[in-house]
There are 2 protein chains.
Amino acid sequence: MTTLTIGKVAERAGVGVETVRFYEREGLIDEPPRGPSGYRHYPTSVVPRLLFIKRAKELGFTLNEIKELLSLRLDPETTCADVKQRAETKIADIKEKMRSLRRMKKALVKLTESCRGRGPVDDCPILDALDPQERKR
Amino acid sequence: MTTLTIGKVAERAGVGVETVRFYEREGLIDEPPRGPSGYRHYPTSVVPRLLFIKRAKELGFTLNEIKELLSLRLDPETTCADVKQRAETKIADIKEKMRSLRRMKKALVKLTESCRGRGPVDDCPILDALDPQERKR
DNA sequence: CTTGACTCCGTAGTATGGTACAGGCCGTAC
DNA sequence: GTACGGCCTGTACCATACTACGGAGTCAAG
């Protein structure tokens, strides 16, 4: 059976060597067997595992959440519904973040619209709005 | 002239005492004069300054950006357009974040829709999609 | 057999925005 | 005068996800 060094694994998965070790410390990937020199000998299955982590990260899961996701499927009690639940929670998180960003954007747009973009900073309606008391004393 | 202790300042601005000291270290508020005991004696103007910081944070500015915003208005060369520019950059940042979140959400929704939410985790289309190789070996 | 690339471990540092002590001094009310 | 809170400094710690570094051992090619 073929094994890979940490460098090969990192290369195939498109991550850094340090990242692989970091994921091991964090419990996201199994500790691989070692050769007599202490070198890690990875089964090739670690590569798709790393890709899994990568994709889940792209979907906005944190490493802790990904760890949960990974452990979910080791538990025979877990159902598909459990996984779906995680995904739906994450969707709700994302919606909440988007709401917050929309609020911010709306406020900022309003501020920039109120500003002609000319004149000295003393008269800037943007700073005025942020700070109705402190300036112009 | 009235001065405030750090506790009073924090209370009026609705932040923690440690936060006030932290902002001082970070250069967001001036170092106040000290009494003979070493106690900080704040002018009341520090309160609106803290509120400014609070509002700017709510708009999504980082502490570093807020520091820039604060220094902008000390510079007589600064124009209103400079401030407007910062706000517009921030709006662009927010738009970018929202795009990214929309992408994530879309992918997640697609995954949850593909999942009936029943059955064992081995057959979960969500995990399958994250990881087309590793499982079911 | 040497050289260079790779790996090992442990520790520390990055950015962000604080929060939490410990140990000691200060100020005020009773 | 003494007790209790508030304040002082400095340091360490929280989460997040890595990244860097030093010093030493190892592997493979030439």
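So you know, we letter chains A, B, ... as the sequences are listed, proteins then strands, and number each from 1. Quick note: numbers below take in every heavy atom, side chains included, and nothing from hydrogens, waters or symmetry partners.
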Novice: Distance check: side-chain N/O of B/R40 vs OP1/OP2 of D/dC7, anything under 4.0 Å?
Specialist: no

Novice: Do A/K90 and A/E65 sit within salt-bridge range, that is, some charged N less than 4.0 Å from a carboxylate O?
Specialist: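 Salt bridge present between A/K90 and A/E65.
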
Novice: In residues 31-39 of chain A, which residues come under 4.0 Å of DNA chain C by heavy atom?
Specialist: A/R34, A/G38, A/Y39

Novice: Report yes or no: does A/D75 contribute a side-chain atom to a donor-acceptor pair with the main-chain N or O of A/E77 at less than 3.5 Å?
Specialist: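 Answer holds: yes.
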
Novice: Does the cation-pi check pass for B/R34 over B/Y42, that is, NZ or CZ under 6.0 Å from the six-membered ring centre and within 45° of its axis?
Specialist: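 Ring-cation test returns no.
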
Novice: Quick one: B/Y42 OH to D/dC8 C1', roughly how many Å, whole number?
Specialist: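 So the OH-C1' distance, B/Y42 to D/dC8, works out to 12 Å.
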
Novice: Quick one: does B/D82's side chain get under 4.5 Å of B/T79's, heavy atoms only?
Specialist: yes

Novice: It should be established whether A/N64 places a side-chain nitrogen or oxygen under 4.0 Å from OP1 or OP2 of nucleotide D/dT16.
Specialist: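 A/N64 to D/dT16 OP1/OP2: side-chain N or O found under 4.0 Å.
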
Novice: Given atom NZ of A/K8 and atom C1' of D/dT26, what is their separation to the nearest angstrom?
Specialist: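 Taking atom C1' of D/dT26 as the reference, NZ of A/K8 is at 16 Å.
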
Novice: Indicate yes or no for a side-chain donor-acceptor contact from B/K84 to the backbone of A/C115 under 3.5 Å, with no hydrogens or angles considered.
Specialist: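 Confirmed, B/K84 side chain pairs with A/C115 backbone.
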
Novice: Could you tell me whether B/R40 and B/E31 make a salt bridge, using a distance below 4.0 angstrom between a side-chain N and a carboxylate O?
Specialist: no

Novice: Among A/N64, A/L70, A/T62, find the one that has a side-chain contact (heavy atoms from CB on, under 4.5 Å) with A/I66.
Specialist: A/L70

Novice: Has the side chain of B/R103 got a donor or acceptor atom that lies under 3.5 Å from a matching backbone atom of B/M98?
Specialist: no

Novice: Tell me, please, the opening and closing nucleotides of DNA chain C, 5' to 3', among those with an atom under 4.0 angstrom from a non-hydrogen atom of chain B.
Specialist: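 Reading along DNA chain C, I get C/dT16 to C/dG27.
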
Novice: Would A/S100 and A/E96 count as having a side-chain donor-acceptor pair, cut-off 3.5 Å?
Specialist: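 No, A/E96 and A/S100 have no side-chain donor paired with an acceptor closer than 3.5 Å.
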
Novice: Kindly say if A/K57 contacts the phosphate of D/dC18, meaning a side-chain N or O under 4.0 Å from OP1 or OP2.
Specialist: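 For A/K57, the contact criterion (side-chain N or O under 4.0 Å from OP1 or OP2 of D/dC18) is met.
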
Novice: Can you pull out the residues from residues 11-30 of chain B that lie within a 4.0 Å heavy-atom distance of DNA chain C?
Specialist: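 Here the set is B/E18, B/T19, B/F22, B/Y23.
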
Novice: Hey, is A/R21 close enough to A/E18 for a salt bridge, meaning N to O under 4.0 Å?
Specialist: yes

Novice: Output yes when at least one side-chain N/O atom of B/T5 is less than 4.0 Å from OP1 or OP2 of D/dC7, else no.
Specialist: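 Checking D/dC7 against B/T5, a side-chain N or O does come within under 4.0 Å of OP1 or OP2.
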
Novice: Starting from the C-alpha separation in whole Å, work towards a yes-or-no answer on salt bridge (charged side-chain N to carboxylate O under 4.0 Å, His left out) for B/E68 and B/R86.
Specialist: CA-CA 9 Å; B/E68 278 175 32; B/R86 307 285 166 135; 2.2 Å; yes

